[in-house]
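Working notes, beginning with the structure itself.
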2 protein chains.
Amino acid sequence: MTKRVKLKDIAEALGISITTVSRALNNKSDINQATRRKILEMASEMDYKPNNLAISLRKNKSAQVIGVVLPIINHYFFSTVLKGIMTRAHLHNYMVLVGESLHVLQKEKQILEEFVDYGVSGILIAPCLGSNFEQNLLPIIHRRIPTVVMDRMYENYNGNFVLTNDYKGAFDAVEHLIKNGYTKIAHLSSLDAHSVGAERRKGYLDALKKNEITPNPDYLKQLDLKEEVKSIRAAYFATESLFKLDNPPDAIFTVTDEIALGVYQYAQENNINIPNDLGIVGFSNAMISKYISPQLTTVEQNGILMGETAYDFFHQALHSNGHLFQKTFDSNLIVRESSIPK
Amino acid sequence: MTKRVKLKDIAEALGISITTVSRALNNKSDINQATRRKILEMASEMDYKPNNLAISLRKNKSAQVIGVVLPIINHYFFSTVLKGIMTRAHLHNYMVLVGESLHVLQKEKQILEEFVDYGVSGILIAPCLGSNFEQNLLPIIHRRIPTVVMDRMYENYNGNFVLTNDYKGAFDAVEHLIKNGYTKIAHLSSLDAHSVGAERRKGYLDALKKNEITPNPDYLKQLDLKEEVKSIRAAYFATESLFKLDNPPDAIFTVTDEIALGVYQYAQENNINIPNDLGIVGFSNAMISKYISPQLTTVEQNGILMGETAYDFFHQALHSNGHLFQKTFDSNLIVRESSIPK
DNA sequence: AATATTTCCGAAAACGTTTTCGGAAATATT
DNA sequence: AATATTTCCGAAAACGTTTTCGGAAATATT
């Protein structure tokens, strides 16, 4: 391995001081143009690459790195958010560290601490289910590390965030089903710890009430969403139990598109025709939703935009003093085949 | 912001030297047990966190960071590989930087350079389509940075890699179709630049030949896979053109599961029954393949395992001197509904 | 009791940069 | 021609650690 060249090597090669070399490479004033040119030439000839560690240490600021914490990495929505973050970060020459909490509180905390110890300039986090604000995030905010919360909300949180209007999205979805003639609308929801799920559940209930439909408690099923495959399986069985009711539903609003897959599976196996026997609306416009049959009506959640905005908020927060950046995106319904009028 | 505590603060608080504090925290010898205890107590009381930048600089080794370069981040297989990498990296206290090349050669090069400049300890890369080994990867290998190539292969590359046996996977898939009575087997393949696609195409052709079926050139379609949505659309039209042939195929082997989605879509819209009119086998066992209807027969590609192995290879390469680590995983066929016997 | 060994600690240098301060040389101003 | 100003450069300190070297104090060995 050829030793990495440093300022000293360039300085010695040209018989000048390290200070001057540094000045030339950093486009500082106080330097003769001819000297600068010589230095730049020599630097490129020797293939000089600055040592970012030393620079960061000296400047007392971390490198251009942000940390992104996601519950699950191989998940369509989250990886799309990550994509959005990365495109913007790349533009600003920031690098992106990624951590996967797997919806485990302790792991989330550990990742955050590692990121902070490492010296990231900012944290972008989609909190895990049941994430504890005081325990996991507050210490970081106290350190004045710009932080943006994505996708889901903490109670009483007042910092930067980027959210989807889950309530309204769900409300619109259910009202769409009602307008299309469905009346017995079930909902496959999440457990309570899930703020996103809670919001969507509220939207569901309020849409029913506004349209003078009394919510049927039998129609509301709460599933554990921590693991995708298991949750789809759970959705399958939840659908089964719905159809064992004396008065089964004629439509289901699912808290995510993935959950809708479980419903599709049960319907397929039991000759329940979608949408004639059962209307379905999902949430998030996952890649699959357009390719399953019949195509799934869903509430769009723009992951790219959310990621891009999250990065931009971080970047603005870094350069503004304590100002808050908050955005709730409206989500719009994408009407497809799974919910056509009865 | 409370100033970050450093060794000096602990030293002053206890009236001892920085050297001793450092020794205590690093579990070095040459220190009195009582002193060590006092120091550890004080350190935890003052909430001391070591400055990794300084440590790395002093030790003259980069931080515990690896760089992962993927063509597309919100893609099921690649994000699953990333997951595998991350679980192993986390175990060894390595952090993971991620970059997305978007199948753009220049961008891939830029990401690699950024990673190297940044001082990563290793590079794990799934090369983009048409990636140039000499141009993009060789400079890094010359710097003796442990590198593992994942999923696809460079010509004449002789370094660490983790691959799937694409040839055999494809061969098995096509032979499975033949055994199940399909004889007019088409293949939706990739463009030539795609080594994975090329291997699978060879497997397809050889399986036909071995079973004394003359490959029909009309049955081989090559698609651009750079963008998922576009490629699915292209698959749709390729299927259309296949069915406009005088003698349309009775089965299609698709280079990926995603490409199969385009076939499903065309079949659905044109009342072509899968598998009765058209058998289908995909490749990679994407999440969707189990949830579309009928369930897709596919060749499993274990992304988690590939990612884990890639990390392990990096780790071993870091500690061994120039030894090569290479593995080609056998891929096994998962038989589902889309290819049942005629 | 003298000497040898061990235990424990600190001063200082070093990793590769940036930045402050000061000053010599060149140039501009009287 | 004397002085003021500007241009350009270098020495040294600093960022927060680790490590080398040396040595004082305590303990063990004769």
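A note on names: the letters A, B, ... follow the listed sequences, proteins ahead of strands, and every chain is numbered from 1. What's counted below: heavy atoms across the whole structure, side chains too, no hydrogens, waters or symmetry copies.
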Study note, to complete from the structure: note: Asn27(A), atom CG; dT17(C), atom P; distance rounded to Å ~ 17 Å
Check your understanding: Given atom CG of Asn52(B) and atom C1' of dC15(C), what is their separation to the nearest angstrom?
Key -> 15 Å
Check your understanding: Checking side chain to side chain contact (heavy atoms under 4.5 Å, CB included) against Leu40(A), which of Leu25(A), Asn27(A), Val21(A) comes through?
Key -> Leu25(A)
Check your understanding: To the nearest angstrom, how far is Leu53(B) atom CG from dC15(C) atom C1'?
Key -> 12 Å
Study note, to complete from the structure: Whole-Å distance, Ile39(A) CD1 to dC8(D) C1', equals 11 Å
Revision key, fill the gap. Whole-Å distance, Ile31(B) CD1 to dT18(D) P, equals 12 Å
Revision key, fill the gap. Which of dT17(C), dC9(D), dA11(C) is nearest the side chain of Tyr48(A)? It is dT17(C)
Exercise for review: Record whether the side chain of Arg4(A) comes under 3.5 Å of the base of dG16(C) through a donor-acceptor pair of N or O atoms.
Suggested key: no
Practice item. Please evaluate the base of dA11(C) for a donor-acceptor partner in the side chain of Thr19(B) within a cut-off of under 3.5 Å? Key: yes
Check your understanding: How long is the line joining NZ of Lys28(B) and C1' of dG10(C), in whole Å?
Key -> 15 Å
Review point. If each of Lys59(B) and Arg36(B) is mapped to the nucleotide of DNA chain C with the nearest heavy atom, which maps nearer the 5' terminus, i.e. the 5' end?
Key: Arg36(B)
Check your understanding: dT18(C), dG16(C), dT17(D): which one has an atom nearest the side-chain heavy atoms of Asn51(A)?
Key -> dG16(C)
Review point. So what does Leu57(B) hit on the nucleic acid, given a heavy-atom distance under 4.0 Å: a base, only sugar-phosphate, or nothing?
Key: base
Point to revise | Residues Thr20(A) and Ser17(A): side-chain donor-acceptor under 3.5 angstrom | key: yes
Practice item. For DNA chain D, list all stems, counting runs of three or more consecutive pairs where every pair is Watson-Crick or G-U wobble with both distances under 3.5 Å. Key: C:1-30 with D:1-30
Practice item. Would you classify Ile16(B) as touching base, sugar-phosphate or nothing, given that sugar-phosphate means primed atoms plus P, OP1 and OP2, and contacts are heavy atoms under 4.0 Å? Key: sugar-phosphate
Practice item. Check whether any side-chain N or O of Ser22(A) sits under 4.0 Å from OP1 or OP2 of dT17(C), and answer yes or no. Key: no
Practice item. Write down the distance between CD (Gln33(B)) and P (dC8(C)), rounded to a whole number of angstrom. Key: 8 Å
Exercise for review: Indicate, with a heavy-atom threshold strictly under 4.0 Å, whether Thr35(A) touches base, sugar-phosphate, or nothing.
Suggested key: sugar-phosphate
Check your understanding: With a 3.5 Å cut-off and just heavy-atom distances, do the side chain of Arg58(B) and the base of dT18(D) make a donor-acceptor pair?
Key -> yes
Check your understanding: Is there a donor-acceptor contact under 3.5 Å linking the side chains of Asp151(A) and Gln301(A)?
Key -> yes
Check your understanding: Is Glu113(A) salt-bridged to Lys109(A), going by a charged N under 4.0 Å from an acidic O?
Key -> yes
Review point. Which is true for Asp30(A) with a 4.0 Å heavy-atom rule: it touches a base, it touches only sugar-phosphate, or it touches nothing?
Key: base
Point to revise | Student check: side-chain heavy atoms of Ser121(B) and Phe314(B) closer than 4.5 Å | key: yes
Review point. Do the two ring centres, one from His315(B) and one from Phe313(B), sit under 6.0 Å apart?
Key: no
Review point. Can you name the one residue among Val120(A), Val148(A), Val96(A), Leu97(A) that meets side chain to side chain contact (heavy atoms under 4.5 Å, CB included) with Ile66(A)?
Key: Val96(A)
Check your understanding: Rounding to a whole Å, what distance do you find between Leu25(A):CG and dC9(D):P?
Key -> 14 Å
Point to revise | Minimum-distance pair of heavy atoms, taken over all atoms of Cys128(B) and His103(B) | key: CB-CA, 3.4 Å
